[in-house]
Q: 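Below is the structure I would like to discuss, written out as structure tokens.
Proteins get letters first, then strands, A, B, ... in listed order; numbering begins at 1 in each.
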There are 2 protein chains.
Amino acid sequence: MNNRIKELRAEKGWSQAALAEALEVSRQTVIALERGKYDPSLPLAFAIARVFGQSIEDIFQP
Amino acid sequence: MNNRIKELRAEKGWSQAALAEALEVSRQTVIALERGKYDPSLPLAFAIARVFGQSIEDIFQP
DNA sequence: TCCTTTTGTAAAGTGTCCTTTACATATGGG
DNA sequence: CCCATATGTAAAGGACACTTTACAAAAGGA
């Protein structure tokens with residue numbers, strides 16, 4: 001499952017730490033997601049979509 | 001996180017076993033999801049959206 | 001150069017997602 | 001009544017999602 005987290009975070013000009021805080025997860029989680037180490041849980045996917053103002057389908061591609 | 005899986009499955013007239021097969025998961029997983037025991041993984045959420053022809057956001061509400 | 005910020009790796013621990021197996025109960029058709 | 005179908009519970013095990021802590025390395029500004 002690919003995602004556009006890193007790209008969207010760059011557009012916002014946020015650091016990984018800032019995104020982690022916005023998502024209420026650890027920085028390690030942001031790193032792992034961006035590097036495709038694993039997929040987020042569904043609740044976290046919703047949070048990611050919310051902070052970037054896009055749909056889950058727009059950010060994640062199976 | 002609430003979901004409309006049971007309702008959508010009823011509309012299709014599918015048994016839990018039939019849905020499980022369509023999703024390529026066990027029947028136990030379908031039961032657990034419908035009864036809100038836990039949320040699906042993101043890949044499974046995509047599969048559920050696909051078999052019902054709706055968006056993830058339409059099926060799951062945080 | 002020095003210091004701060006940012007990004008990355010590693011490891012160990014906890015809880016969740018999903019599996020298989022087994023058994024129980026309800027319902028409807030023959 | 002008998003049997004098949006549908007739904008549910010329980011329990012044990014494996015893999016994944018997420019955490020905390022610690023350390024390493026690159027990059028930019030003063």
Q: So which nucleotide from dT20(C), dG8(C), dT7(D) ends up closest to the side chain of Q16(A)?
A: dG8(C)
Q: Tell me the interatomic distance from L19(B), atom CG, to dC18(C), atom P, rounded to whole angstroms.
A: 13 Å
Q: Under 3.5 Å, is there an N or O donor on one side and an acceptor on the other linking the side chain of Q28(B) and the base of dT7(D)?
A: no
Q: Please determine if a side-chain N or O atom of T29(A) lies less than 4.0 Å away from the OP1 or OP2 oxygen of dT19(D).
A: yes
Q: Hey, are the side chains of I5(B) and L19(B) touching, using non-hydrogen atoms and a 4.5 Å cut-off?
A: yes
Q: Check L42(B) against M1(A) and note the closest heavy-atom contact, atom names and distance.
A: CG-CE, 3.4 Å
Q: If you take all heavy atoms of A49(B) and S55(B), which pair is closest and at what distance?
A: CB-C, 4.1 Å
Q: Any non-hydrogen side-chain atom of N3(B) less than 4.5 Å from a side-chain atom of D39(B)?
A: no
Q: Does E24(B) have more than 12 heavy atoms from other residues, nucleotides or ligands lying within 6.0 Å of its CD?
A: no
Q: Just to be sure I understand the geometry, which residues of residues 33-62 of chain B put a non-hydrogen atom under 4.0 Å away from DNA chain C?
A: Y38(B), D39(B), P40(B), S41(B), L44(B)
Q: For N3(A) and dA17(D), what is the distance between atoms CG and P respectively, to the nearest whole Å?
A: 12 Å
Q: Check the distance between dA24(D)'s C1' and I31(A)'s CD1 and give it to me in whole angstrom.
A: 12 Å
Q: Report yes if at least one side-chain N or O of S26(A) is closer than 4.0 Å to OP1 or OP2 of dT19(D); otherwise report no.
A: yes
Q: Among the nucleotides dA6(D), dT19(D), dG8(C), which one has an atom lying closest to any side-chain atom of S15(B)?
A: dA6(D)
Q: Would you tell me whether R4(B) and Q61(B) have side-chain atoms, one donor and one acceptor, within less than 3.5 Å of each other?
A: no
Q: Report the end-to-end axis angle of the helix from dT1(C)-dA30(D) to dG30(C)-dC1(D); each axis comes from five terminal pairs, and the value is rounded to 10°.
A: 40°
Q: Using whole Å, what does the distance between atom C1' of nucleotide dT5(C) and atom CD of E21(A) come to?
A: 15 Å
Q: Mind checking whether R9(A) and F52(A) have side chains closer than 4.5 Å, heavy atoms only?
A: yes
Q: Under 4.0 Å between a side-chain N/O of R9(B) and OP1 or OP2 of dT7(D), yes or no?
A: yes
Q: If you take all heavy atoms of W14(A) and V51(A), which pair is closest and at what distance?
A: CH2-O, 4.0 Å
Q: Which residue lies toward the 5' end of DNA chain D, R27(A) or E24(A), if each is placed at its nearest nucleotide?
A: E24(A)
Q: Would you mind checking if R27(B) and E21(B) are paired as a salt bridge, meaning a charged N to carboxylate O distance below 4.0 Å?
A: no
